[in-house]
Number of protein chains: 2
Amino acid sequence: MSIIDAAASVFCREGFAGANIDLIAVEAGVSRQTIYNHHRDKEKLFMAVVRDLTERCNAGIFATFASFPDQPKDLEADLIGFAVRMNQNCICNRDGRFLRKLIQTEGERYPELFAEWRDQGPGRTWPALAARFARLAHAGHLAVDDPDVAARQFLALANAELQTTFMLGGMPSEDEVLQSATHGVRTFLRAFGKRRSAAAVEKQLASA
Amino acid sequence: MSIIDAAASVFCREGFAGANIDLIAVEAGVSRQTIYNHHRDKEKLFMAVVRDLTERCNAGIFATFASFPDQPKDLEADLIGFAVRMNQNCICNRDGRFLRKLIQTEGERYPELFAEWRDQGPGRTWPALAARFARLAHAGHLAVDDPDVAARQFLALANAELQTTFMLGGMPSEDEVLQSATHGVRTFLRAFGKRRSAAAVEKQLASA
DNA sequence: ACAAATTTAGACAGTCTTGTCTAATTCGTC
DNA sequence: GACGAATTAGACAAGACTGTCTAAATTTGT
């Protein structure tokens with residue numbers, strides 16, 4: 001395991017103040033001195049960790065965006081699939097959980113660092129997702145007034161049932177993710193879906 | 001400021017490991033020895049803080065539940081009001097923010113303590129909220145299949161636009177809370193509202 | 001195989017923190 | 001005012017951690 005990865009793990013478990021450089025060294029399989037050689041001090045190491053996590057998470061998010069159903073065949077199924085991928089590959093994976101925890105625990109202590117995250121993260125991903133929904137609406141698949149609101153609500157709904165697990169830093173099971181995404185997308189489409197056929201309604205009620 | 005309140009403040013700002021008993025003493029306006037007299041050690045003090053916050057938050061939540069619109073006059077306005085009260089009095093206030101942060105930062109370190117919170121908090125409040133929605137549905141105001149899912153989604157939608165602020169431990173402005181609640185409830189009612197009149201749709205679109 | 005660069009183990013000073021102890025002071029109550 | 005309980009300031013030992021230093025060992029490139 002690289003120094004950065006080990007540091008991320010320890011910083012997350014113990015917090016910045018509680019993190020022990022010796023422990024990071026052991027976990028990374030290097031000597032303490034090597035850490036001090038690569039990263040001047042604890043704070044610099046911490047910054048490097050956050051930067052690394054932010055980059056990787058953003059890369060993952062944009063990669064997942066590429067699989068957004070721009071021309072959906074089955075809108076509900078396609079959006080559920082997208083929500084699941086979003087959760088599994090960006091929000092519930094190691095990097096996502098670690099970054100979220102570091103932001104929550106140390107965000108107030110390093111305003112400029114996390115302002116950078118905010119600009120590079122949500123500041124870029126939310127509008128990008130909103131644009132996808134706007135295109136979907138323009139193509140007649142959705143009835144959306146405000147794509148920004150819709151994008152935020154889509155993610156909120158997809159994660160609605162994972163909140164408690166997230167709170168405690170846990171990793172939801174695949175089944176929980178699928179459940180939450182399914183319920184969330186169904187509600188999303190009840191609100192923003194267009195011309196739902198009677199058959200679709202029937203099917204939805206039957207499988208609830 | 002009481003010892004517990006000062007301790008809550010410092011534990012939140014600095015984390016358990018980073019919290020300094022001397023600082024808590026200064027902030028509480030007592031000597032360090034008094035803290036050790038009342039609470040045997042740092043860990044016991046921390047436990048007392050979490051217990052206190054959990055109790056107060058639960059009390060606030062159930063108090064707010066009493067204002068749930070069981071017989072709504074204007075369902076949208078009443079639900080928005082409820083969502084705003086929920087946010088202002090339970091989620092965004094001092095106790096709510098502190099408890100959330102402590103759970104996020106130290107939850108994994110004290111499983112039994114936060115299991116207690118989980119049982120007393122979400123474990124009791126979510127079903128209680130679900131029961132309200134079930135009653136609303138039974139009275140013909142909503143079309144809800146699964147009240148538990150609806151309750152979780154209601155809260156997720158009401159907070160959808162506050163997530164970034166929550167992440168960094170910030171306190172959203174009254175306006176942000178109202179905005180998020182308004183958008184959230186509108187979407188909720190688009191999904192679960194019954195027999196929406198054409199006039200209501202028009203009004204909603206006009207004010208968007 | 002050799003030389004340079006990197007890594008390692010361990011010791012080390014300096015700082016900080018917890019939790020205890022003691023003696024003096026303040027407070028509440030009669 | 002007097003007495004017992006609570007609080008205070010400060011010193012203190014024990015332990016932990018950071019960041020530096022040195023000399024030996026290991027890796028790397030040629």
Side-chain angles (χ1 to χ4, degrees), chain A residues 1-53 98-99 101-114 169, chain B residues 1-53 98-99 101-114 169:
Chain A
M1 179 143 51
S2 81
I3 292 177
I4 293 282
D5 287 337
S9 168
V10 174
F11 278 133
C12 278
R13 271 208 318 277
E14 316 286 345
F16 179 81
N20 182 319
I21 302 261
D22 287 323
L23 184 57
I24 295 174
V26 169
E27 211 147 310
V30 301
S31 75
R32 178 178 56 231
Q33 189 59 41
T34 300
I35 292 181
Y36 281 105
N37 287 343
H38 289 343
H39 312 274
R40 183 162 306 284
D41 57 24
K42 194 179 179 181
E43 192 163 315
K44 294 271 192 307
L45 174 60
F46 179 74
M47 304 245 179
V49 167
V50 174
R51 288 230 175 73
D52 183 70
L53 285 177
F98 280 9
L99 181 58
K101 179 141 191 196
L102 289 184
I103 290 165
Q104 287 163 349
T105 55
E106 313 292 343
E108 286 161 283
R109 198 189 313 280
Y110 301 93
E112 67 301 333
L113 184 59
F114 290 96
Chain B
M1 180 142 55
S2 81
I3 291 176
I4 293 281
D5 288 337
S9 169
V10 174
F11 278 134
C12 279
R13 269 209 319 277
E14 316 286 345
F16 179 82
N20 183 318
I21 302 260
D22 288 323
L23 184 56
I24 295 174
V26 170
E27 211 147 309
V30 300
S31 75
R32 178 177 56 231
Q33 189 58 44
T34 300
I35 293 180
Y36 282 105
N37 287 344
H38 289 340
H39 312 274
R40 183 161 309 282
D41 57 25
K42 194 179 179 181
E43 192 162 317
K44 293 269 193 310
L45 174 60
F46 179 75
M47 304 244 179
V49 166
V50 174
R51 288 230 175 72
D52 182 70
L53 285 176
F98 281 8
L99 181 58
K101 180 141 188 195
L102 289 185
I103 290 165
Q104 288 164 349
T105 56
E106 313 292 344
E108 285 160 285
R109 198 188 315 279
Y110 300 94
E112 67 302 332
L113 184 58
F114 290 96

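Residue numbers begin at 1 in each chain, while the letters A, B, ... track the order of the sequences.
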Would you mind reading off the distance between K42(A) atom NZ and dT15(C) atom P, rounded to a whole angstrom?
18 Å
So does H38(A) get a side-chain nitrogen or oxygen closer than 4.0 Å to the phosphate oxygens (OP1/OP2) of dT6(C)?
no
I need the CG-P distance between N37(A) and dT7(C), as an integer number of Å.
7 Å
Could you please name the option among dT18(C), dT8(D), dT8(C) that lies closest to any side-chain atom of T34(A)?
dT8(C)
When all nucleic acid strands are considered with a 4.0 Å heavy-atom cut-off, which category describes A17(A): base, sugar-phosphate, or nothing?
nothing
OP1, OP2 of dC16(C) versus side-chain N and O of N20(B): anything below 4.0 Å?
no
May I have the distance from I24(A) (atom CD1) to dC17(D) (atom P), rounded to whole angstrom?
12 Å
Taken to the nearest whole Å, CG/D22(B) to P/dT8(D) is 13 Å
In this structure, how many angstroms lie between the P atom of dG19(D) and the CD1 atom of I21(A), rounded?
6 Å
Taking CZ from R32(B) and P from dT17(C), how many angstroms apart are they, rounded to a whole number?
11 Å
Taking the side chain as C-beta and beyond, is there a heavy-atom pair between I21(A) and K42(A) under 4.5 Å?
yes
Give me the ring orientation class for F46(A) and F11(A): parallel if the planes are under 30° apart, tilted from 30 to 60°, perpendicular past 60°.
perpendicular
Sugar-phosphate only, base, or nothing, as touched by H39(A) at under 4.0 Å among non-hydrogen atoms:
nothing
Would you mind reading off the bend of the helix from dA1(C)-dT30(D) to dC30(C)-dG1(D) from its two end axes, five pairs each, to 10 degrees?
40°
Taking every non-hydrogen atom, the tightest pair across Q104(B) and K101(A)
O-CE, 3.3 Å
Are any of the side-chain heavy atoms of E27(A) and I24(A) separated by less than 4.5 Å?
no
Any L45(B) side-chain heavy atom under 4.5 Å of H38(B) side chain:
no
Are the side chains of L53(B) and V49(B) in touch, meaning some heavy atoms are under 4.5 Å apart?
yes
Looking at E106(B) and F16(B), would you say the former's side chain and the latter's main chain have a donor-acceptor pair under 3.5 Å?
yes
Could you tell me whether A25(A) contacts a base, only the sugar-phosphate backbone, or nothing, with contacts defined as non-hydrogen atoms closer than 4.0 Å?
nothing
Rounded interatomic separation in angstrom, taking CD from E14(B) and P from dC16(C)
15 Å
Over how many whole Å does the gap from Q33(A) atom CD to dA11(C) atom P extend?
15 Å
